[in-house]
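FYI, side chains are in, hydrogens and waters are out, and symmetry mates aren't considered; it's all heavy atoms of this structure. Everything numeric in this text was worked out from a predicted model, so none of it was measured.
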Amino acid sequence: SLLCTMDEHAMYRFVITGGPCGGKTTAISELQVYLRENGFRVFVVPEAATMLLVNGAVPTDFASPDCQKAFQQFVINTQLQLEESYANYGRACKHKCVLLCDRGIMDGAAYVSKEVWASVLAEKNMDTISAREGRYDAVFHLVTAANGAAEHYTLENNDARHETAEEAISADNNTQAAWHGHPHHIVVDNRHGRPFDQKIAYLKSVISSYVGLPTERTRSCHKFKLKVVPDPAVFPEHTEVFEVEKTMLGGESEWDEYTEVPPPATETVLYSYLRKRSQGGFHAYGLTTVKVLTSGEIVQTKCIISPQMYSTLLATKQDTKRHVVRQRRYCFRSEHQSFHVSQWLEPVSHADSWFVVVQCESEPKIPDFLNVGPELTTLPAGGKEFSFRTMSLKA
């Protein structure tokens, strides 16, 4: 089937980014080996900015607004060409593969004004959605050692690095802000003196969960139903707002992730759904597949798809027993955590239901402006009645 072929030849595009001396280069090397050992072809897309920084550009150039813009034009042109060339080769291999991008398109937004960045994107007929979640399946940000592990911050292992510790922290914060709004923006920091090998182990576990490999990672997503309708006016200043559509596809299994069943003899798909994420008239499209491994572990795979593929699957595979779900989603960060607050718009039977998903490495810290009930997994049947799959059923 079409979905089976997509899974066998899946191509994931991940960004590995972060502040200066965050461990990006080592992380890419470790992930490359790990993913190859687990059956993936892995291609590392080199950092475009470094090519110019070690081959003629100097920091004093950037005092000139013309050089700032020209540098970003060079980076985005080179990055796009490199990524597409690597992706083209990966597709020709006809094997599931991963592109590990040493930084991505949106990194450039951290170094120029909003006006300059908007003009650079416009020259390439791109927008923020297409340069962010429309292009990359997930973004992994390794926080600079200058923030939380200052004794390990050094300029000696990268000829292109020149930042002081204070400048490194500022660049790190700006880079995080540039990617804010991507639904899978994972920030790996240096809290509690975490050794670097633990950062790498965490990265491997998170990536495993995205590509359908078994993982020992403790659960990092916590979902709650809001008891009181919140006031979006009090959300943090840099909150991103999106419209989201989810459409369940047919051909699902009788099982789901809430049912205890014996592990299957072969990997089994439980269900799949399409997602469309919109902001400012621009759209990104994806396919999520939930399956159970022979170990009994439930995993999800998420991949970006083209508008044409989205339309084809919508026309030929839509589950007519379920409503299309439409939500308004508010995304922000607080206390080193990512919050995704969803207001249900359709179906009308669930309109104005509100939920929040918190992505964090430890117990979630809920801000005062969100009044939540118990975590859904603690409810009977694991909160199945509040799952997207259940709430989309037609009466």
Side-chain angles (χ1 to χ4, degrees), residues 11-36 40-59 61-62 67-68 70-93 95-112 117 120-121 124 126 130-132 135-145 154-163 168 171-172 174-175 178-179 182 185-186 188 196 199-200 203-204 207 211 304:
M11 176 178 292
Y12 300 95
R13 193 180 307 215
F14 298 132
V15 173
I16 311 298
T17 187
C21 195
K24 181 166 57 71
T25 303
T26 303
I28 289 173
S29 178
E30 293 270 356
L31 291 172
Q32 188 175 16
V33 172
Y34 172 72
L35 289 166
R36 283 177 175 167
F40 287 85
R41 293 294 304 271
V42 183
F43 302 96
V44 177
V45 182
E47 182 181 358
T50 297
M51 294 182 183
L52 189 54
L53 288 171
V54 300
N55 288 288
V58 294
D61 291 342
F62 305 134
C67 280
Q68 289 181 22
F71 184 84
Q72 295 305 327
Q73 289 169 325
F74 170 88
V75 170
I76 197 169
N77 287 331
T78 306
Q79 188 82 29
L80 288 170
Q81 184 61 51
L82 285 170
E83 287 183 17
E84 292 314 307
S85 296
Y86 277 81
N88 182 61
Y89 188 84
R91 284 188 288 268
C93 292
H95 191 85
K96 59 182 180 180
C97 64
V98 173
L99 297 189
L100 294 177
C101 301
D102 190 341
R103 300 198 182 277
I105 297 299
M106 289 301 297
D107 275 77
Y111 297 94
V112 292
W117 182 246
V120 171
L121 282 183
K124 303 300 296 182
M126 297 184 75
S130 63
R132 196 176 57 196
R135 188 168 187 84
Y136 305 103
D137 294 290
V139 180
F140 302 96
H141 181 106
L142 283 83
V143 172
T144 174
T154 178
L155 305 176
E156 295 178 359
N157 57 353
N158 188 330
D159 291 339
R161 186 178 298 144
H162 57 83
E163 299 91 345
D172 189 286
N174 291 340
T175 301
W179 288 102
H182 194 293
H185 180 206
I186 309 300
V188 186
F196 186 70
K199 293 175 72 172
I200 297 297
L203 266 180
K204 289 177 180 178
I207 282 187
V211 301
I304 296 168

Which residues pass the side chain to side chain donor-acceptor pair (under 3.5 Å) test with N174, not counting sequence neighbours?
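Checked N174 against side chain to side chain donor-acceptor pair (under 3.5 Å); zero matches.
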Shortest non-hydrogen contact from [X] to [Y]?
{"X": "H182", "Y": "D137", "value": "CE1-O, 3.5 Å"}
{"X": "E47", "Y": "K24", "value": "OE1-NZ, 3.4 Å"}
{"X": "D172", "Y": "G19", "value": "OD2-N, 3.1 Å"}
{"X": "A131", "Y": "I105", "value": "CB-CG2, 3.8 Å"}
{"X": "P46", "Y": "D102", "value": "C-CB, 4.0 Å"}
{"X": "I304", "Y": "R135", "value": "CD1-C, 3.3 Å"}

Using 4.0 Å as the upper bound for N to carboxylate O, is an ion pair formed by E84 and R13?
yes
Using a 4.5 Å cut-off on heavy atoms from C-beta on, say whether the side chain of [Y] contacts that of [X].
{"X": "L99", "Y": "V42", "answer": "no"}
{"X": "T50", "Y": "N55", "answer": "no"}
{"X": "Y111", "Y": "F71", "answer": "no"}
{"X": "C101", "Y": "F14", "answer": "no"}
{"X": "L142", "Y": "F196", "answer": "yes"}
{"X": "M106", "Y": "W117", "answer": "yes"}
{"X": "E30", "Y": "K204", "answer": "yes"}
{"X": "K124", "Y": "N77", "answer": "yes"}

When you look at Q68 and Q72, which way does the side chain to side chain donor-acceptor pair (under 3.5 Å) test go after all the steps?
CA-CA 6 Å; Q68 289 181 22; Q72 295 305 327; over 6 Å; no
Look at the side chain of S130 and the backbone N and O of M126, then say whether any donor-acceptor pair between them is shorter than 3.5 Å.
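It does not hold such a pair.
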V44 pairs by side chain to side chain contact (heavy atoms under 4.5 Å, CB included) with which of I28, V98, I16, L31?
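Considering I28, V98, I16, L31, a side chain to side chain contact (heavy atoms under 4.5 Å, CB included) with V44 is found only for I28.
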Step by step, would you call R41 with R36 a side-chain contact (heavy atoms from CB on, under 4.5 Å)?
CA-CA 6 Å; R41 293 294 304 271; R36 283 177 175 167; over 6 Å; no
side-chain contact (heavy atoms from CB on, under 4.5 Å) evaluation trace for H141 with V188:
CA-CA 6 Å; H141 181 106; V188 186; over 6 Å; no
NE2-CZ distance between H185 and F140, expressed to the nearest 0.5 angstrom:
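Going from the NE2 atom of H185 to the CZ atom of F140 covers 10.5 Å.
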Would you give the length of the straight line joining atom CG of L35 to atom OH of Y12, rounded to the nearest 0.5 angstrom?
11.0 Å
Begin from the C-alpha positions of D107 and W179 and carry the test side-chain contact (heavy atoms from CB on, under 4.5 Å) through to its verdict.
CA-CA 7 Å; D107 275 77; W179 288 102; 2.9 Å; yes
How would you list, by chain and number, every residue that makes a side chain to side chain contact (heavy atoms under 4.5 Å, CB included) with Q81, sequence neighbours excluded?
S85
Residues two or more places apart in sequence or in another chain: which of them pass side chain to side chain contact (heavy atoms under 4.5 Å, CB included) with T78?
A48, M51, F74, L82
Does a sphere of radius 6.0 Å around CZ in F62 hold more than 12 heavy atoms from other residues, nucleotides or ligands, not counting ones at 6.0 Å or beyond?
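Yes - once you tally the heavy atoms of other residues, nucleotides and ligands closer than 6.0 Å, there are more than 12.
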side-chain contact (heavy atoms from CB on, under 4.5 Å) between Q73 and V75, worked out:
CA-CA 5 Å; Q73 289 169 325; V75 170; over 6 Å; no
